Amino acid sequence: MTSSPTSDALLGPADVRELAAALGVRPTKQRGQNFVIDANTVRRIVRTAQVRPDDVVVEVGPGLGSLTLGLLEAADRVTAVEIDDVLAGALPATITARMPERADRFALVHSDAMHVTELPGPAPTALVANLPYNVAVPVLLHMLETFPTIERTLVMVQAEVADRLAAPPGSKVYGVPSVKANWYAEVKRAGAIGRNVFWPAPNVDSGLVSLVRRSEPLKTTAARREVFAVVDAAFAQRRKTLRAALSGWAGSAAAAEEALVAAGVSPQARGESLTVEEFARIAEHKANRHQEKEPA
């Protein structure tokens with residue numbers, strides 16, 4: 001039986017700066033790089049993510065490995081997806097040096113997360129990541145769509161993005177990310193993260209978002225892409241009523257009104273008041289009309 005890793009394996013501020021200096025790494029704004037330098041924050045993220053000993057965790061953007069090491073302490077396996085050539089090249093050595101007894105439980109995928117369609121080893125059960133601010137939402141949605149075995153997700157994102165993801169219908173910040181995330185999961189805010197736990201310290205606060213995948217997929221006959229097309233159209237002109245906003249999607253304002261009425265939604269409503277289930281019902285109407293028009 002292997003001994004459990006010690007807390008000394010986690011990276012502190014001096015370790016992070018030393019590693020970065022040795023690699024000649026300067027965090028870039030282009031890739032939204034802000035490295036976590038506080039071991040207690042890492043432990044808090046792992047704890048909040050409820051990582052279990054049998055979990056296979058996928059991490060996006062591991063950077064120098066701060067969170068990776070914390071995840072390896074708690075999970076069965078960790079697969080990290082890193083786009084940066086230098087960081088990807090250095091991470092396996094960091095894992096081996098600081099947590100040799102768990103190194104065989106770690107895998108690296110050197111790629112852009114938006115292009116990842118498969119992962120080595122067992123299917124992932126959890127996604128835990130400090131996501132770069134500029135690509136957080138598309139990466140999150142891509143991973144949830146591509147890997148349906150991911151049951152639990154905890155991401156650290158810009159506080160404003162966290163608010164949007166977890167916003168309920170009717171909220172001022174409820175929008176495309178809120179609805180699309182809710183297609184896959186129950187979404188909620190899971191805490192706030194201060195700026196001083198990062199190097200360099202960002203100009204914005206961060207937040208944790210928890211996503212627990214729906215035990216049953218949303219009940220609808222419409223395909224995901226059809227529902228998402230309605231969502232995109234509704235929020236492209238969010239100040240307009242849905243009758244007007246969906247006219248392009250439906251083919252005309254009259255057709256949009258017909259779809260809305262059939263879905264039990266007021267044509268005068270706006271996208272920010274609708275649940276994902278209501279968007280799905282609107283999409284169903286158009287999909288059903290297409291099927292009726294197709295020759296037998």
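All residue numbers in this chain count up from 1 along the given sequence. Quick caveat: nothing in here was measured; it's all calculated off a predicted structure.
- One hydrophobic cluster holds both V60 and I150 under the rule that ILVMFWY side chains link at heavy-atom gaps under 4.5 Å.
- Between P62 and E82, the shortest heavy-atom contact is CD-OE1, 3.3 Å.
- Connection of V261 to L242 is not established within any shared hydrophobic cluster, with ILVMFWY side chains joined at heavy-atom distances below 4.5 Å, either directly or through further cluster members.
- In this structure, the side chain of K286 engages the main chain of W249 through a donor-acceptor pair within 3.5 Å.
- Considering only heavy atoms from C-beta on, I45 comes within 4.5 Å of M156 through its side chain.
- T241 has its side chain within reach of R270: a pair of non-hydrogen atoms, C-beta onward, lies under 4.5 Å apart.
- When atom types are taken as modelled, the side chain of R98 and the backbone of D8 share a donor-acceptor pair closer than 3.5 angstrom.
- Within the structure, every pair that satisfies the salt bridge (charged side-chain N to carboxylate O under 4.0 Å, His left out) test and touches residues 241-257, not counting sequence neighbours, is listed here: R243-E257.
- Counting only heavy atoms from C-beta outward, the side chains of N34 and P200 approach each other to under 4.5 Å.
- Without hydrogens or angle criteria, R102 side chain to A75 main chain gives a donor-acceptor distance under 3.5 Å.
- From S178, atom OG reaches atom CZ of F235 across 6.5 Å, with rounding to the nearest 0.5 Å.
- Side chain of R152 to main chain of Q50: a donor-acceptor pair is present (N/O by atom type, distance under 3.5 Å, no hydrogens or angles).
- At a threshold of 4.5 Å between non-hydrogen side-chain atoms, the residues V139 and M114 count as touching.
- Using a 4.5 Å cut-off on side-chain heavy atoms (C-beta onward), F35 and V25 make contact.
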Using the side chain to side chain contact (heavy atoms under 4.5 Å, CB included) rule, take E59 and L67 through it: C-alpha gap first, then chi angles, then the decisive distance, then the call.
-> CA-CA 9 Å; E59 180 191 8; L67 180 55; 3.5 Å; yes
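- V56 and M143 fall into different hydrophobic clusters, defined by Ile, Leu, Val, Met, Phe, Trp and Tyr side-chain heavy atoms under 4.5 Å apart, directly or through other members.
- P120 approaches A107 most closely through the heavy-atom pair CG-CB, 4.0 Å.
- Put simply, the side chain of T149 gets close to the backbone of P124: a donor and an acceptor are under 3.5 Å apart.
- Looking at D38 and R44, their side chains never come closer than 4.5 Å, going by heavy atoms from C-beta outward.
- Residues D232 and R225 are not paired through a salt bridge, judged by the lack of any N-O separation under 4.0 Å between the basic side chain and the carboxylate.
- Taken to the nearest 0.5 Å, the CG atom of L72 stands 9.5 Å off from the CD atom of E101.
- Checking side-chain atoms of E284 against main-chain N and O of T221 turns up a donor-acceptor pair under 3.5 Å.
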Kindly indicate, with the supporting measurements, whether the criterion side chain to side chain contact (heavy atoms under 4.5 Å, CB included) is fulfilled by I37 and F198.
-> CA-CA 6 Å; I37 56 172; F198 295 99; 5.9 Å; no
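- Between the R189 side chain and the G207 main chain, no donor and acceptor come within less than 3.5 Å of each other.
- Of all the heavy atoms in L154 and A190, the pair that sits closest is CD1-CB, 3.9 Å.
- Salt bridge present: E272 and R238 bring a charged side-chain N and a carboxylate O closer than 4.0 Å.
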Verify side chain to side chain contact (heavy atoms under 4.5 Å, CB included) between T220 and F279, making sure each step is shown before the conclusion.
-> CA-CA 10 Å; T220 177; F279 280 113; over 6 Å; no
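- V173 and V155 are members of different hydrophobic clusters when ILVMFWY side chains are connected at heavy-atom separations under 4.5 Å.
- Salt bridge status for R281 with E277: absent, with no side-chain N to carboxylate O gap under 4.0 Å.
- No side-chain heavy atom of L64 sits under 4.5 Å from any side-chain heavy atom of T94.
- A distance of 7.0 Å separates CG of L87 from CG of L23, quoted to the nearest 0.5 Å.
- The aromatic rings of F228 and Y184 stand perpendicular to each other, their planes meeting at an angle above 60°, with 30° marking the opposite boundary.
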Start with the C-alpha distance between R105 and M99, add both sets of side-chain angles, then the distance that settles side chain to side chain contact (heavy atoms under 4.5 Å, CB included), and finish with yes or no.
-> CA-CA 10 Å; R105 298 284 175 170; M99 213 173 277; over 6 Å; no
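- Atom CD of E186 has 12 or fewer neighbouring heavy atoms from other residues, nucleotides or ligands inside a 6.0 Å radius.
- The nearest pair of heavy atoms linking P148 to T146 is CD-O, 3.2 Å.
- No donor-acceptor pair under 3.5 Å is formed between the side chain of R43 and the backbone N or O of G70.
- The line from CZ of F147 to OG1 of T153 is 12.0 Å long, rounded to the nearest 0.5 Å.
- Distance check, rounded to the nearest 0.5 Å: CG of L260 to CG of L274 gives 8.0 Å.
- Formation of a donor-acceptor pair under 3.5 Å by the R77 side chain with backbone atoms of V58 is not found in this model.
- From E160, atom CD reaches atom CG of L165 across 11.0 Å, with rounding to the nearest 0.5 Å.
- Between I83 and D112, the shortest heavy-atom distance links the atoms CD1-CB, 3.8 Å.
- When every heavy atom of H285 is checked against every heavy atom of A262, the shortest pair comes out as ND1-CB, 3.4 Å.
- A donor-acceptor contact shorter than 3.5 Å is absent between the side chain of Y174 and the backbone of G271.
- The closest side-chain heavy-atom distance from K180 to V137 is not below 4.5 Å.
- Under the 4.5 Å side-chain heavy-atom criterion for Ile, Leu, Val, Met, Phe, Trp and Tyr, V212 and L141 are members of distinct hydrophobic clusters.
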